[in-house]
Structures are given as C-alpha cells and as structure tokens.
Amino acid sequence: MIRIDGAATSEGRLERLSSLRDLLTVTAGQKIAFVTDVTDTPANRAAIVALVQNADILFIEAAFAGADAALARDRAHLTTTAAGEIAREANVRRVEPFHFSPRYAGEQERMLAEVMTAFRDPTPDAKT
C-alpha cells in the first residue's frame, strides 16, 4: 500500500501499488559508484570490485602514478594502474578517475592515460 497525497484531500488515500501499474513506466536505472581513500590490498580490491560490479559510471581515486605504488601504499591511496584495473575487473562501462595528488600538477593527461591503459588492456606490461 502507498499513500497518495493530493490537493483534493488533506489526508490522502491508500492504494495498492499494483493498481497504479497502467500509470507507471518501469525502466532500468543507472548504477553510479564512488571510491576514494582506500589502500590497494587484495581484500579491499575484492570488496570494491564486488560493490561496483557492472556500474555504469565509476568515479575512482587515482591519487598516485602507477610507478609510485610504494608511496600510494604508504599514503593509503590507489595508483592510476590500480584504479584502471579495478574498473576493468568490475566490468564498469565508464571510469572517471579523480583525486590526483598535487605532486602531479600539470600532468593530468598522463594520469588519465595511465588509468585508461589499465582499464582497457589486461596485460599492459606484455607490450614491448
């Protein structure tokens, strides 16, 4: 039962949801996920992938460059590579990285490219 409020009555009325079926359109929704301030551990990665699985859009931190993985671990943040891999593993449609460290000022294109490379290519190290 749902309450329908209207100008005709101050109390509203109760209706079965099924009685409104002809007035409603049911459409697929959109799944939006947001991940920030996490350390890239196997347990965290598994939990994140499960949570964001098949998201239409994943907003995910990519605070440090892939080459700075040790620094990322020390600061409890993800790298660009980890962000892209997580997005790929979770089968998201679109990844939107953010929260780049100020140390990469002026290098946003490079950081974005690192995320997108890891997102699109399951074996970036295999290329020569």
Side-chain angles (χ1 to χ4, degrees):
M1 301 295 285
I2 64 167
R3 179 171 303 283
I4 299 177
D5 296 323
T9 173
S10 60
E11 295 178 15
R13 69 180 196 267
L14 292 177
E15 291 284 339
R16 290 191 182 279
L17 186 57
S18 62
S19 72
L20 303 174
R21 187 173 312 273
D22 295 336
L23 303 174
L24 303 174
T25 301
V26 177
T27 60
Q30 192 174 40
K31 183 175 181 178
I32 299 173
F34 182 87
V35 175
T36 190
D37 295 334
V38 295
T39 301
D40 186 17
T41 65
N44 280 352
R45 191 178 280 224
I48 293 166
V49 167
L51 179 68
V52 307
Q53 190 72 42
N54 297 317
D56 292 290
I57 304 171
L58 170 59
F59 294 94
I60 189 167
E61 74 160 52
F64 294 94
D68 293 329
L71 185 57
R73 266 190 310 278
D74 291 344
R75 303 276 171 83
H77 285 292
L78 297 177
T79 64
T80 52
T81 303
E85 289 171 351
I86 289 167
R88 186 185 69 249
E89 290 168 25
N91 194 40
V92 303
R93 286 184 57 211
R94 188 172 111 205
V95 60
E96 290 290 335
F98 70 99
H99 191 39
F100 302 128
S101 169
R103 72 177 30 241
Y104 306 105
E107 297 183 67
Q108 182 174 356
E109 285 185 31
R110 176 189 132 201
M111 299 292 280
L112 290 170
E114 287 185 15
V115 173
M116 297 315 289
T117 296
F119 177 51
R120 293 187 180 122
D121 186 359
T123 56
D125 294 336
K127 291 182 178 179
T128 53

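Note that these values count all heavy atoms, side chains included, but never hydrogens, waters or copies made by symmetry. If you're wondering where the values come from, they're calculated on a predicted model, not measured in any experiment. Heads up: numbering here begins at 1 and tracks the sequence.
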Under the rule for salt bridge (charged side-chain N to carboxylate O under 4.0 Å, His left out), what residues qualify as partners of Arg94, not counting sequence neighbours? Glu96
Set of residues satisfying side-chain contact (heavy atoms from CB on, under 4.5 Å) with respect to Arg93, sequence neighbours excluded: Asp56
Tell me the salt bridge (charged side-chain N to carboxylate O under 4.0 Å, His left out) pairs involving residues 100-113, sequence neighbours left out? Glu107-Arg110, Arg110-Glu114
Sequence neighbours excluded - salt bridge (charged side-chain N to carboxylate O under 4.0 Å, His left out) pairs with any residue from residues 74-84: none
Would you compute the distance between atom CE of Met1 and atom OG of Ser19 and round it to the nearest 0.5 angstrom? 8.0 Å
Which atom pairs, one a donor and one an acceptor, fall under 3.5 Å between side chains of residues 43-55 and the rest of the protein, sequence neighbours left out?
| from | atom 1 | to | atom 2 | distance (Å) |
| --- | --- | --- | --- | --- |
| Asn44 | ND2 | Thr39 | O | 2.8 |
| Arg45 | NE | Asp40 | OD1 | 3.0 |
| Arg45 | NH1 | Glu85 | OE1 | 3.0 |
| Arg45 | NH1 | Glu89 | OE2 | 3.0 |
| Arg45 | NH2 | Asp40 | OD1 | 3.4 |
| Arg45 | NH2 | Asp40 | OD2 | 2.7 |
| Arg45 | NH2 | Glu85 | OE1 | 3.1 |
| Gln53 | NE2 | Ala90 | O | 3.2 |
| Asn54 | OD1 | Asn91 | ND2 | 2.8 |

Using the salt bridge (charged side-chain N to carboxylate O under 4.0 Å, His left out) criterion, which residues pair with Asp68? Sequence neighbours excluded. none
One should read off an interatomic distance between Ile60 CD1 and Leu78 CG, to the nearest 0.5 angstrom, of 5.0 Å
Between Asp121 and Arg88, does a side-chain contact (heavy atoms from CB on, under 4.5 Å) hold up when you go through it step by step? CA-CA 9 Å; Asp121 186 359; Arg88 186 185 69 249; over 6 Å; no
Listed by chain and number, what are the side-chain contact (heavy atoms from CB on, under 4.5 Å) partners of Ala69, not counting sequence neighbours? Arg73, Thr79
With clusters built from Ile, Leu, Val, Met, Phe, Trp and Tyr whose side-chain heavy atoms come within less than 4.5 Å, directly or transitively, what are the remaining members of the cluster of Leu71, listed by chain and number? Phe64, Phe100, Tyr104, Met111, Leu112
Connected to Ile32, directly or through other members, by ILVMFWY side-chain contacts below 4.5 Å are Phe34, Ile57, Phe59, Phe98
Pairs meeting criterion salt bridge (charged side-chain N to carboxylate O under 4.0 Å, His left out) with involvement of residues 14-34, two or more places apart: Arg13-Glu15
Leu23 meets the side-chain contact (heavy atoms from CB on, under 4.5 Å) criterion, sequence neighbours left out, with Leu20
Name all residues meeting the side-chain contact (heavy atoms from CB on, under 4.5 Å) criterion together with Thr27; count only those two or more places apart in sequence or in a different chain, and write none if there are none. Thr25
Looking at Thr80 and Gly66, would you say the former's side chain and the latter's main chain have a donor-acceptor pair under 3.5 Å? yes
